[in-house]
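Reviewing the structure listed below.
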There are 2 protein chains.
Amino acid sequence: MLAPDALRALLEEHLAGLSFRPELHGQEASMRYALTGGKRVRGVICLAVAEAAGGSVDEALSAAAALELVHAFSLVHDDLPALDNDAERRGRPSVWAEFGEAAAVLAGDALLAEGLRQALSYPTAALGRELVEATLGMIGGQYLDITGSDVDLAELHRLKTGRLFAASVGLGLWAAGVAESEQASWRAFAEELGLLFQVVDDVLDGDGYAARLGVDGAQALVAEAATRARARLHALDVDTAVLATIINDLAVRTA
Amino acid sequence: MLAPDALRALLEEHLAGLSFRPELHGQEASMRYALTGGKRVRGVICLAVAEAAGGSVDEALSAAAALELVHAFSLVHDDLPALDNDAERRGRPSVWAEFGEAAAVLAGDALLAEGLRQALSYPTAALGRELVEATLGMIGGQYLDITGSDVDLAELHRLKTGRLFAASVGLGLWAAGVAESEQASWRAFAEELGLLFQVVDDVLDGDGYAARLGVDGAQALVAEAATRARARLHALDVDTAVLATIINDLAVRTA
């Protein structure tokens, strides 16, 4: 079993070596820029799930890349002036600030399409189907975020963050060839993982759950979600040590 | 065999009855707005090809809807202020002019994802794969359009228009269960059809091919493409009368 850092390194190498469609011409530069510097949380979860579930990391790399591409798409469009108006991302200019708004709109579109292309590189359409459903959920969450003042925070995050986290587990399972009938416990784990990630995010940003529950309340929620996620892992009859490490890392992350 | 108008009526009914994902919440209104009023050229071609190739129109409706959703996505994003800055589309405010830029970015994203979801509703992943490849080509064409002053017009149109036209034929074939080994003549037909459509478009808009070749030169190109498209149809050993009608309608259209 490879540790999270080793999985991340393999994924970085895979992403760096991805060949995009030549028809994209110069658009590729902004896509690569958008893909640079992420923590690869979703992709690493996908790889760790695939390996724990009896698959090979190699076979799951395209699925992990698909998740990172779709995640990058969502950031590029969310940062646009008309949405969150973030000129900075990961300590440097966001895609629109670097390449202009028009190129950023198209870069996001192309990252989404390329992510789905990677997910559809498997013989089964299950990965593509799950990723496209998750994407629709994310978009719905973003819509709530930009329009709603009176929004159900749990619903917003379940969509905006939770759906792609769930797909990270799901795509790892499909890539490993786990039958749908065997996926329920894994998916319950995914739910807790998404919540855990989001609440920690809010504590770090001082908004969302942290604003509603206070930092202590939010930290308590993190601890509960981590406990439930561990319990879900214990219920699986496989070696989930790497995933337990990922839970711990997510619970105490500071960036 | 149903005539183009009958196919269009069935497709309109199908599109009106499409149920979107509930997670999209209020986003759905801008998506339905974006879908209203198109000529349905791509969807009707898909249905006509499916029926001519021995499939049923009913089975091809999701594929036709997928094409129209992806086409609508491309228009919504192309109209944005940062791209073509078109405040009007089909005689009324474009999506961003009606719903705001943020909602328009998300509406385009959701139309693309929903289109791929429809294409992935078939047992085979072939439709989703072809649609996502065509989408990447379209995005590449749009990138050339907004960035290049010195662009190869044929390449730009082959990507921006031609790829989705080719996919309209391709998705019809897949929906009808035509094996890849039997698709070559159909795809040669698709190529001519895409060119025909684009040159007529340019004549109507007074740009592109019409600007480079003059109206007479462009009309001659239309006639040549139509002749070659008919020859491709003749080479197919099936009843392609409806598709011949579509060629004629596209060649003489005035809007």
Side-chain angles (χ1 to χ4, degrees), chain A residues 20-28 30 73-74 77-78 80-84 96 100-110 112-117 119-129 131-144 146-148 151 155 158-159 163, chain B residues 20-28 30 73-74 77-78 80-84 96 100-110 112-117 119-129 131-144 146-148 151 155 158-159 163:
Chain A
F20 292 135
R21 278 294 181 246
E23 299 98 313
L24 288 166
H25 294 278
Q27 185 71 55
E28 181 170 336
S30 57
F73 137 73
S74 74
H77 280 187
D78 288 2
L80 285 168
L83 287 100
D84 296 348
W96 70 264
E101 279 187 59
V105 170
L106 296 178
D109 296 344
L112 171 54
E114 184 63 36
L116 289 164
R117 190 173 79 89
L120 288 169
S121 66
Y122 292 84
T124 170
L127 292 92
R129 285 192 194 112
L131 190 56
V132 90
E133 296 271 0
T135 301
L136 285 162
M138 282 170 67
I139 297 168
Q142 178 66 0
Y143 179 81
L144 288 181
I146 63 165
T147 54
V151 170
E155 164 76 354
R158 191 184 63 77
L159 292 174
R163 291 297 300 273
Chain B
F20 293 136
R21 279 291 181 248
E23 299 98 314
L24 288 167
H25 294 279
Q27 185 70 54
E28 181 170 336
S30 55
F73 137 73
S74 73
H77 280 187
D78 287 2
L80 284 168
L83 287 100
D84 295 348
W96 71 263
E101 278 186 59
V105 170
L106 296 178
D109 295 345
L112 171 55
E114 184 62 37
L116 289 164
R117 191 173 79 88
L120 288 169
S121 65
Y122 292 83
T124 169
L127 292 92
R129 285 192 195 113
L131 189 55
V132 91
E133 296 270 2
T135 302
L136 284 162
M138 281 170 67
I139 297 168
Q142 179 65 359
Y143 179 81
L144 288 182
I146 63 165
T147 54
V151 170
E155 164 76 355
R158 192 184 63 79
L159 293 174
R163 291 297 300 271

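Chain identifiers are assigned alphabetically (A, B, ...) following the order of the sequence lines, protein sequences preceding nucleic acid strands; residue numbering begins at 1 within each chain. When reading the values below, keep in mind they use all heavy atoms of this one structure, side chains included, and skip hydrogens, waters and symmetry mates.
- The most heavy-atom pairs under 4.5 Å with chain A, out of Arg21(B), Glu23(B), Glu28(B), Gln27(B), come from Gln27(B).
- Contact tally against chain B (heavy-atom pairs below 4.5 Å) for Ser74(A), Ala113(A), Ala104(A): the top residue is Ala113(A).
- In terms of heavy-atom pairs under 4.5 Å with chain A, the best-connected choice from Ala107(B), Pro22(B), Gly140(B) is Gly140(B).
- The contact between Leu106(B) and chain A is made by backbone and side chain atoms together, counting heavy-atom distances below 4.5 Å.
- Residues Thr147(B) and His25(A) are not in side-chain contact: their nearest non-hydrogen atoms beyond the backbone lie 4.5 Å or more apart.
- Top candidate by heavy-atom pairs under 4.5 Å with chain A, chosen from Val132(B), Asp109(B), Val105(B), is Asp109(B).
- The choice from Glu133(A), Gln142(A), Glu155(A) that makes the most heavy-atom pairs within less than 4.5 Å of chain B is Glu133(A).
- Looking at Arg117(B), both its backbone and its side chain come within 4.5 Å of chain A, counting heavy atoms on both sides.
- The residue among Gly100(A), Ala119(A), Ala102(A), Pro123(A) with the most heavy atom pairs within less than 4.5 Å of chain B is Ala102(A).
- Among the candidates Leu131(B), Ile139(B), Asp84(B), the residue making the largest number of heavy-atom pairs closer than 4.5 Å to chain A is Ile139(B).
- If you measure heavy-atom distances from Phe20(B) to chain A, you find no contacts under 4.5 Å at all.
- Residues Leu120(B) and Leu116(A) are not in side-chain contact: their nearest non-hydrogen atoms beyond the backbone lie 4.5 Å or more apart.
- At a threshold of 4.5 Å between non-hydrogen side-chain atoms, the residues Thr135(A) and Leu112(B) do not count as touching.
- Comparing Ala82(A), Ala125(A), Gly128(A) by heavy-atom pairs within less than 4.5 Å of chain B, the highest count is held by Ala82(A).
- Proximity to chain A involves both the backbone and the side chain of Glu114(B), based on heavy atoms less than 4.5 angstrom apart.
- Between chain A and the options Asp78(B), Leu136(B), Leu24(B), heavy-atom pairs under 4.5 Å are most frequent for Leu136(B).
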